[in-house]
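Letters A, B, ... are given to chains in the order of the sequence lines, protein chains preceding strands, and every chain is numbered from 1.
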Amino acid sequence: MSMAQHAEPAVTTPPASGPKQTDGRTAQRPLALRLLARPEVGVFLGAAAVLVFFLVVAPSVRQGSSMATILYQSSTIGIMALPVALLMIGGEFDLSSGVAVISSALTASMLSYQLTMNVWVGVFVALLVSLAIGFFNGWVVVKTGLPSFLVTLGTFLILQGANLAVTKWVTGNVATDDISDMDGFSQAKKVFASSFDVGGVQVKITVVWWLVFAALATWVLLRTKYGNWIFAVGGNKDSARAVGVPVTFTKISLFMLVGFGAWFIGMHNLFSFNTVQSGEGVGQELIYISAAVIGGCLLTGGSGSAIGPVFGAFMFGMVQQGIVYAGWNPDWFKAFLGVMLLGAVLINLWVQRTATRR
Amino acid sequence: MHRNRRAATLTATVLVGALFAAGCSSSHGGKKSEEGGATVSAGKATTPRMTVAMITHASPGDTFWDLIRKGAQAAAAKDNIKLVYSSDPNAGNQANLVQNAIDQKVDGIALTAAKPQAMKDAVAKATAAGIPVVGFNSGVGDWKKLGMLEYFGQDENIAGQAFGQRLNQLGAKHALCVIQEQGQVALEARCAGLKKGFSGTTDTIYVNGTDMPSVKATITAKLKQDSSIDQVVTLGAPIALTAVQSVGDAGSKAKVATFDLNKDLVKAVQNGFVEFAVDQQPYLQGYLAVDALWLYKYNGNVSGGSTAPVLTGPAFIDKSNVDKVAEFAAKGTR
């Protein structure tokens, strides 16, 4: 008896606060509840809360230039979080995405430098390499039926080792040579790493790309056949196949999409910093995955959105820079991030349950 | 039931209290030995409060960076400076932290440039915004090109060469250089310098510095695989202490010497487990970098006249001079 009494509070979900009114009296669920059922609403509220919080505690966040810095930080996470989120909706995930960014940048940089070619050649070969890495991941996952966790963990280690070994073998150093004086560099920098002026504030071009990609991903997900396929293969692969969804094509192309994202961010790294360090990128994959999860994508696949991860990435960028603007001890950054991640997941869970209950 | 439980709690509390009172405290070590003069203070400036951002490439949780920060804080306290410390091992993120400091309109930036190219634009922006930037710890070859005001640190390659020459004197033949962070330029420069200055054979291995059990196992395996290795060279104090254990596990006769220092390593040098350490004096680097910004603002001073770096190492610490250092290391400031 006493056992049951103790156990009860753990089972009941927290504040089922809304008044119990309807029970068949209204045909349609209230607008607020229908909104809450959208996966991105929880994270939107969370991001807004974090933003307001830092606007209050850190006065320097209120300037336009600070907001541009925060958005820039968010965009470098967000551009990768988008394809990572789509892949998660499709029921798989990719642990190699962090180092794949560096692999791509290394490829472009070393190829152009060692063969003394226009940097655009390197940029396009790097794109092919990145898509090939994505294809490899997808193909092995689909053909073997192994969990993507295992397959991409393998790729992660292969790339990490190859990044260092090949770079040292080719250049003799752990970093690539400076390519900033080569043909095509300034053009490529305009595309991948320039900034422009908005009312006296320097905004990085990656912020624009991030929003463009997000809009594109949202359209694909909600308005195209391919978008339906993504949800279908993530929800239930076998029944998707039974109704004629090309499962193999969808999964492999999603992995290649992550490859595309890795290429894009890799090019951004290369053209904003002129050289690439072979040891970087490790650990970034978890940031991308976290941004997608905070953004409402389920780890089990089949549910999520493209706009959610945008807010997820914004939360990361906001916290990362906000702690510094607030002048706090950055030793706490990771702990703060963990609390935020757990909080976001719990809020999402609660929102989903509340919204779908009646 | 309830009363019993309360009684038990009470008894336990009383017992613990009694143990404390009875003086069951350790007579050695602990926090107590650290206290007493742990903060160095050299008076206090009466100049208006200024803000300095210190931005490093430290990965969190390394004793070395703790010392840098302590030095910086001591200087900040003395100079009436508000110190904003931040760090990120990822070069892009570190550059973004510089932008963050510019947004905050700080009065000066102290910066490590482990990946100089990545810092180029950020430093130029800060200078254009009228914020003086001083370099320290990393980037000795590039600080002038980047447009920094002055530089405090050691030249890693020169330190590596000096290390190799010392090994020649000690009669080592085959050295193993242990790099604890793949792709870190400064660490690679140390091993490259060692190779240059050392007349014997030098091998390099990579270990994962954030996973000590694997560091231990990797070094042990390497020593077992190649018994001709008679000298282990580590690039950080915690790695050196682990390497000492590896040498024991492998039954090898190799000696251990290292770059950088912390208080446990000082003990290891006193006890003869570690032959010597090359100290670049991180406390001094942090202190000087912050102090330099104050001097520049209020007296226009520039150490090294913007043309020469100010070297804080290499300082060799071995049995002959370790006791002098030990006194300060015990306080956790050296």
For [X], which atoms come within 4.5 Å of any heavy atom of chain A: side chain, backbone, both, or neither?
{"X": "B:P89", "value": "backbone"}
{"X": "B:K82", "value": "neither"}
{"X": "B:A95", "value": "side chain"}

Among A:S65, A:S60, A:P59, A:S66, find the residue that satisfies the side chain to side chain contact (heavy atoms under 4.5 Å, CB included) test when tested with B:Q104.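 Exactly one pass, corresponding to A:S60.
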
What part of [X] is in contact with chain B, defined as an atom under 4.5 angstrom from a non-hydrogen atom: side chain, backbone, both or neither?
{"X": "A:Q63", "value": "side chain"}
{"X": "A:S272", "value": "backbone"}
{"X": "A:E280", "value": "side chain"}

With a 6.0 Å cut-off (strictly less than), is the heavy-atom count around [atom1] of [X], excluding the residue itself, greater than 12?
{"X": "A:F156", "atom1": "CZ", "result": "yes"}
{"X": "A:W209", "atom1": "CH2", "result": "no"}
{"X": "B:K195", "atom1": "NZ", "result": "no"}

How long is the straight-line distance from [atom2] of [Y] back to [atom1] of [X], given to the nearest 0.5 Å?
{"X": "A:Q320", "Y": "B:N96", "atom1": "CD", "atom2": "CG", "answer": "8.0 Å"}
{"X": "A:K204", "Y": "B:Q99", "atom1": "NZ", "atom2": "CD", "answer": "6.0 Å"}
{"X": "B:I102", "Y": "A:T69", "atom1": "CD1", "atom2": "OG1", "answer": "8.0 Å"}
{"X": "A:S180", "Y": "B:Q117", "atom1": "OG", "atom2": "CD", "answer": "6.0 Å"}
{"X": "B:D103", "Y": "A:R62", "atom1": "CG", "atom2": "CZ", "answer": "14.5 Å"}
{"X": "B:E188", "Y": "A:K168", "atom1": "CD", "atom2": "NZ", "answer": "4.0 Å"}

Is any NZ, NE, NH1 or NH2 atom of the basic residue among A:D178 and B:K145 found under 4.0 Å from an Asp or Glu carboxylate oxygen of the other?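 Here A:D178 does not pair with B:K145 in a salt bridge, since their nearest N and O are not under 4.0 Å apart.
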
Begin from the C-alpha positions of A:K189 and B:D121 and carry the test salt bridge (Lys or Arg N to Asp or Glu O under 4.0 Å) through to its verdict. CA-CA 13 Å; A:K189 189 174 173 103; B:D121 290 355; 3.4 Å; yes

For each of A:V276, A:I323, A:N274, tally heavy-atom pairs with chain B at distances under 4.5 Å, and name the one with the top tally.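 Maximum pair count with chain B is reached by A:N274.
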
Just so I understand: if I count every heavy-atom pair under 4.5 Å between each of B:A101, B:A91, B:P116 and chain A, which residue has the most?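 When all of B:A101, B:A91, B:P116 are compared, B:A91 has the most.
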
